[in-house]
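Working notes, structure below.
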Number of protein chains: 2
Amino acid sequence: MADVGNLLKKKSLRKTVTRSKILELMVDESIAMSEREIGEKLDGSFDRVTIYRTLHTFLNNGLVHKVLDGNGGTKYALCQHDCEENGKHHHDHVHFSCQVCKQTHCIEQVQLPSMNLPDGFQVKEVNVLFEGICPNCK
Amino acid sequence: MADVGNLLKKKSLRKTVTRSKILELMVDESIAMSEREIGEKLDGSFDRVTIYRTLHTFLNNGLVHKVLDGNGGTKYALCQHDCEENGKHHHDHVHFSCQVCKQTHCIEQVQLPSMNLPDGFQVKEVNVLFEGICPNCK
DNA sequence: GTTTATGCAAATTCTTTGCAATACT
DNA sequence: AGTATTGCAAAGAATTTGCATAAAC
């Protein structure tokens with residue numbers, strides 16, 4: 001089981017019940033989750049505002065990243081170890097959003113091909129979102 | 001200037017003032033816009049509900065497509081002519097969202113490379129969103 | 001003992017729904 | 001005339017803010 005306390009300590013974040021539970025959940029689940037999903041999986045034990053604030057804190061400290069869910073909603077997923085490589089925090093993400101079950105999976109296996117933008121565009125992040133039907137819903 | 005009336009007729013949609021104005025705006029602007037931006041550019045002359053419903057109508061009839069804007073918001077952009085090729089409506093889009101001016105540009109020049117997902121994932125659409133700084137904001 | 005996080009209430013914004021009035025063909 | 005669209009009011013959902021209380025270091 002993941003050492004959630006250590007993760008928090010590394011970021012100089014206070015270890016609280018809320019943060020630990022949310023972080024544990026995100027380590028356990030391999031899917032990206034919205035605030036609502038997180039709240040439901042934690043059985044309504046935390047205030048929605050607290051979850052929002054916790055997610056923002058995690059976001060600002062590079063513990064999680066935003067995931068596009070294809071429906072205008074916002075989801076969050078744990079950052080992987082390599083987010084911090086090369087000294088800068090970066091996210092070249094590939095996600096798959098199922099149109100049936102609405103779950104968003106992080107696809108780690110896919111290597112993002114390089115794409116060249118027209119001159120003048122300075123790229124900081126790349127998000128790739130596939131939408132379709134996941135193996136479970138077929 | 002674009003023959004907006006013809007676009008509507010091709011889809012068997014009634015030609016109304018709201019639809020024509022919104023469609024003209026989207027033809028003129030090359031960027032993807034949210035309901036709010038559309039409303040503002042049209043100077044508040046239309047009810048927000050009407051704009052939402054118009055966008056849904058356009059979406060259902062393949063005149064526009066949704067664009068991810070990187071902040072959980074939803075934007076819309078005109079479909080290009082080739083959306084309908086091969087008999088099915090598809091959107092393999094590349095967009096660039098500027099973190100400074102928040103504008104979302106459609107990048108037509110970039111050819112989407114093929115990416116292979118793990119077995120079992122049935123892909124219907126692919127969205128690629130670059131985030132960074134656009135030429136105007138540099 | 002300070003500083004930071006939490007919970008509650010309430011405000012904002014985004015989006016949808018119902019219904020009567022209006023515009024389109 | 002008949003059907004689809006619009007505007008208004010209002011509901012619902014997502015997200016943010018202020019402030020007093022409680023927890024962490």
Side-chain angles (χ1 to χ4, degrees), chain A residues 3-25 32-61 63-76 97 102 104, chain B residues 3-25 32-61 63-76 97 102 104:
Chain A
D3 186 358
V4 162
N6 204 38
L7 268 178
L8 292 171
K9 187 173 294 176
K10 263 197 292 190
K11 301 292 182 178
S12 309
L13 292 175
R14 290 189 176 180
K15 183 181 176 182
T16 69
V17 177
T18 314
R19 286 175 181 171
S20 299
K21 287 285 183 197
I22 293 179
L23 215 39
E24 276 172 23
L25 177 65
M33 288 176 286
S34 63
E35 173 279 330
R36 171 169 293 276
E37 289 170 293
I38 291 170
E40 285 169 356
K41 299 214 178 185
L42 293 178
D43 210 25
S45 12
F46 301 101
D47 193 282
R48 300 196 64 181
V49 177
T50 303
I51 300 177
Y52 275 116
R53 281 197 274 229
T54 302
L55 288 170
H56 288 170
T57 302
F58 287 175
L59 200 57
N60 291 335
N61 286 276
L63 285 172
V64 303
H65 60 267
K66 273 196 189 185
V67 176
L68 310 172
D69 84 339
N71 300 299
T74 307
K75 295 189 170 184
Y76 300 86
S97 175
K102 306 293 180 196
T104 301
Chain B
D3 186 357
V4 162
N6 203 39
L7 267 179
L8 291 170
K9 187 176 292 177
K10 264 198 290 190
K11 301 291 182 178
S12 309
L13 293 175
R14 290 188 176 183
K15 182 181 177 181
T16 69
V17 177
T18 314
R19 287 175 180 172
S20 300
K21 287 286 184 196
I22 294 180
L23 214 40
E24 275 172 24
L25 176 65
M33 288 176 286
S34 64
E35 173 280 330
R36 171 169 292 276
E37 289 171 294
I38 291 171
E40 285 168 357
K41 297 214 180 187
L42 294 178
D43 211 26
S45 13
F46 301 101
D47 193 282
R48 300 196 64 181
V49 176
T50 303
I51 299 176
Y52 274 114
R53 281 197 273 230
T54 302
L55 287 171
H56 288 170
T57 302
F58 287 176
L59 200 57
N60 292 334
N61 286 275
L63 285 172
V64 304
H65 60 268
K66 273 195 190 185
V67 176
L68 310 174
D69 83 339
N71 300 298
T74 307
K75 295 189 169 185
Y76 300 86
S97 176
K102 306 294 179 195
T104 302

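Chain A is the first sequence line, chain B the second, and so forth, proteins listed ahead of strands; every chain is numbered from 1.
In this structure, A/T74 reaches the D/dT15 phosphate: one of its side-chain N or O atoms is under 4.0 Å from OP1 or OP2. Remark: A/H56 is not in phosphate contact with D/dT15, judged by side-chain N or O atoms under 4.0 Å from OP1 or OP2. When the side-chain nitrogen and oxygen atoms of A/T50 are compared with OP1 and OP2 of C/dG7, one or more of them lie within a distance under 4.0 Å. One finds no side-chain N or O of A/R53 lying less than 4.0 angstrom from the OP1 or OP2 phosphate oxygen of D/dT16.
The listed nucleotides are D/dT5, C/dT17, C/dT6; the one nearest the side chain of A/T54 is C/dT6. Side-chain proximity of B/R36 to the nucleotides C/dC14, C/dT15, D/dT17 is greatest for C/dC14. Candidate nucleotides C/dC14, D/dT17, C/dC24 were compared by shortest atom distance to the side chain of B/T16, and C/dC24 ranks first. Here the side chain of A/Y52 is nearest to one of D/dT3, D/dA14, D/dG7, namely D/dA14.
With hydrogens and angles ignored, the 3.5 Å screen pairs a side-chain donor or acceptor of B/R19 with a backbone N or O of B/R14. With hydrogens and angles disregarded, a donor-acceptor distance shorter than 3.5 Å links the side chain of A/D47 to the backbone of A/V49. In this structure, the side chain of A/E37 engages the main chain of A/S34 through a donor-acceptor pair within 3.5 Å. Checked by atom type and distance alone, the side chain of B/K75 never pairs as donor or acceptor with a backbone atom of B/D69 at under 3.5 Å.
Straight-line distance from the CD1 atom of A/I51 to the C1' atom of C/dG7: 12 Å, rounded to whole Å. One interatomic measurement links the two molecules: CG of A/N60 to P of C/dT4, which rounds to 15 Å at whole-angstrom precision. Summarising the geometry, the separation between CG on B/D69 and P on C/dC14 is reported as 11 Å, rounded to the nearest angstrom. Rounded to whole angstrom, the span from the CZ atom of B/R14 across to the C1' atom of D/dA4 amounts to 4 Å. Rounded to an integer number of Å, the gap from NZ of A/K11 to C1' of D/dA24 is 20 Å.
Note on A/T18: only backbone sugar-phosphate atoms sit closer than 4.0 angstrom, heavy atoms only; bases stay farther off.
For B/R48 against D/dG7, no side-chain N or O and base N or O form a donor-acceptor pair under 3.5 Å.
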